[in-house]
Amino acid sequence: MDFFELVTSKEAYQIIESNIKLNKKTEQIRVTEGLDRVAACDILTAEDLPAFTKSTMDGYAVQAEDTFGASEEQPQTLDIIGEVEMGVKPELKLKAGQAVEIPTGGMIPDGADSVVMVEKTEAKADEVRVYTSVSPGANIVQKGSDIRQGETVVSADHRLRPQDVGALAGLGIAEIEVYKKPKVGIISTGNELISLDDELKPGQTRDINTYSLASLVERTGAIPVQGGIIEDNAETLKQALVELADEVDFLVISGGSSVGVKDVTYNVLEEVGTTDVLIHGIAIKPGKPTLFTMLDDLPVYGLPGHPVSVMVTFKKFVAPYIKHQMGIEDSPSTVKAEFEQNISSDPGREDYLRVTLQEGESGLVAKPVRGESSLIMTMVEADGLVKVPLAREGLTAGEEVKVELF
Ligand SMILES: Nc1nc2c(c(=O)[nH]1)N[C@H]1C(S)=C(S)[C@@H](COP(=O)(O)OP(=O)(O)OC[C@H]3O[C@@H](n4cnc5c(N)ncnc54)[C@H](O)[C@@H]3O)O[C@H]1N2
Ligand code: MOO
């Protein structure tokens, strides 16, 4: 007899997707906080970059025509009429036969159309000999040649990288509109659980899941909100859940999702949820006793308490939707590897194997880490997960697998 009504992971995704409302909230933030945030709209520049035409070399600003025919043997001599200072608009106006000393990044004075590198010149008092011919525009970067006023710096839905933050800041765009980070409530249930700083008594277990889940939430880019440890009591859990529900966009309960007498999560979700319990078991290993319901617009998950199961189910069934609300596609980084040994798995359940990766003779080799889903060290030792699909009864030594890296 099975107390669960197992759905496949594919069915679970369909159920979750058809119930979670995509509601990407936005907020204005300082560009300095923008790394890894996703632009909620196209961001346009009101300035040109560079904001003025500048020299890309140390040398002399000249009129190119004055240098035509100049060579090592036959230099052209020009009058130095002054010097450009960095960060200052030159008030000089250059005429034919004249040159102005200019540093890299200096503003090109009116009348000049090119720069001769200092190495190709020789200055004596207020004259400079030019030993090369330059064409108009040589060693100059034009105003707006990086980006012009009114153009798009980054498009909507783009996740900001360091270069994007630099470009926006360089254009004086101090405030940007991005998708808001969802808040994810985390409740750990279990009479046996104690907090990190409590003294461990016989029979008690230190809380792991609050901390691994909060770290996973941060990894997705969202904000963890800790609901603490709640005893295995329906009333207490209900109260904690309802309190937290008001301030979060997702709610995750760890533990109590199975069918023991003290496993109250199902009953609480059934009572509190505004839909039925929509998922009551998924055909995966680890993670079978996974629960899902909605409380109005709030997705509420009951994840299995074993420390491996809670992490795997979070990564598979919670993280992608949190990312979605932030405009981020869930694309875990993966590598291909050769599976090291034959391994069997239950048909009818999708299996997530923890594996280590080692450099082999012809590429990476994935080796399974043996051990139950109750053992957190199997995750600590592992480098990633390998999926054994529902229809397969195992993997064979030498076959190519895709490893989802942690
Ligand atoms: N008769 C059955 N028993 C179990 C089944 C089943 O199908 N039939 N499924 C097993 C599977 S698979 C899993 S996974 C667990 C999930 O159980 P619960 O979600 O009810 O989790 P708990 O019973 O609360 O805890 C299980 C285990 O994990 C420890 N735990 C829980 N929370 C934490 C935490 N925050 N930090 C560290 N460790 C935690 C807890 O102490 C237990 O040892 O059910 C199986 N049973
Ligand atoms: O889901 Mo249990 O996670 O198979 O250990």
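When a ligand or atom number is given, it counts from 1 through the structure's own listing order.
In terms of N/O distances under 3.5 Å, ligand 1 is not approached by Leu193. Residue Pro307 has no N or O atom closer than 3.5 Å to an N or O atom of ligand 1. Polar contact check, Gly305 against ligand 1: a nitrogen or oxygen pair lies under 3.5 Å apart.
Looking at Thr265 against ligand 1, nothing comes within 4.0 Å, counting heavy atoms. Heavy atoms of Pro304 found under 4.0 angstrom from ligand 1 belong to the backbone as well as the side chain. Both the backbone and the side chain of Ser258 come within 4.0 Å of ligand 1, counting heavy atoms alone. At a heavy-atom distance under 4.0 Å, only side-chain atoms of Asp263, from C-beta outward, approach ligand 1.
Counting the atoms of ligand 1 from 1 in the order shown, those under 4.0 Å from a heavy atom of Asp207 are 34 (C), 35 (N), 36 (N). Distances below 4.0 Å separate heavy atoms of Ile208 from the following atoms of ligand 1: 34 (C), 36 (N), 37 (C). Close contacts of ligand 1 with Ser188, meaning ligand atoms under 4.0 Å from a residue heavy atom, involve 35 (N). Close approach to Arg206 involves these atoms of ligand 1, each under 4.0 Å from a residue heavy atom: 36 (N), 37 (C).
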For residues 132-142, dump all side-chain donor-acceptor pairs below 3.5 Å to protein atoms at least two apart in sequence or in another chain.
unit_1, atom_1, unit_2, atom_2, d
Asn139, ND2, Val115, O, 2.8
Gln142, OE1, Thr53, OG1, 3.4

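In summary, the side chains of Thr104 and Asp58 do present a donor paired with an acceptor at a separation below 3.5 Å, with no hydrogens or angles considered. Side chains of Glu177 and Thr26: a donor-acceptor N/O pair is present below 3.5 angstrom, by distance only.
Within the 4.0 Å heavy-atom cutoff, Ser309 counts among the residues contacting ligand 1. A heavy-atom separation below 4.0 Å is not found between Ser373 and ligand 1. Residue contacts with ligand 1 leave out Ser374, since none of its heavy atoms falls under 4.0 Å from the ligand.
Using a cutoff of 4.0 Å between basic side-chain nitrogens and carboxylate oxygens, Arg392 and Glu399 are scored as salt-bridged. Residues Lys180 and Asp249 are not paired through a salt bridge, judged by the lack of any N-O separation under 4.0 Å between the basic side chain and the carboxylate. Salt-bridge formation is detected for the pair Arg37/Glu27: a Lys NZ or Arg NE/NH1/NH2 atom is positioned less than 4.0 Å from an Asp or Glu carboxylate oxygen. Between Lys316 and Glu404, at least one side-chain nitrogen of the basic residue sits less than 4.0 Å from a carboxylate oxygen of the acidic one, meeting the salt-bridge criterion.
We find the OG1-CD1 distance between Thr220 and Ile223 to be 10.0 Å, quoted to the nearest 0.5 Å.
Under 4.0 Å from any atom of ligand 2, one finds heavy atoms of residues Pro286, Gly287, Lys288, Pro289, His306, Ser309, Arg349, Ser373.
For atom 26 (C) of ligand 1, the candidate residues are His306, Gln204, Lys285, Lys288; the nearest heavy-atom contact is made by His306.
In this structure the side chain of Pro332 never reaches within 4.5 angstrom of the side chain of Leu405, judged on heavy atoms. Using a 4.5 Å heavy-atom threshold, the side chains of Leu385 and Phe406 count as touching.
A donor-acceptor pair under 3.5 Å is absent between the side-chain atoms of Asp207 and the main chain of Leu193, judged by distance alone.
Of all non-hydrogen atoms in Tyr211 and Ser195, the two that sit nearest each other are OH-OG, 3.6 Å.
Results of the side-chain contact (heavy atoms from CB on, under 4.5 Å) test with Ser373 over His306, Met379, Lys288 single out His306 as the only residue that passes.
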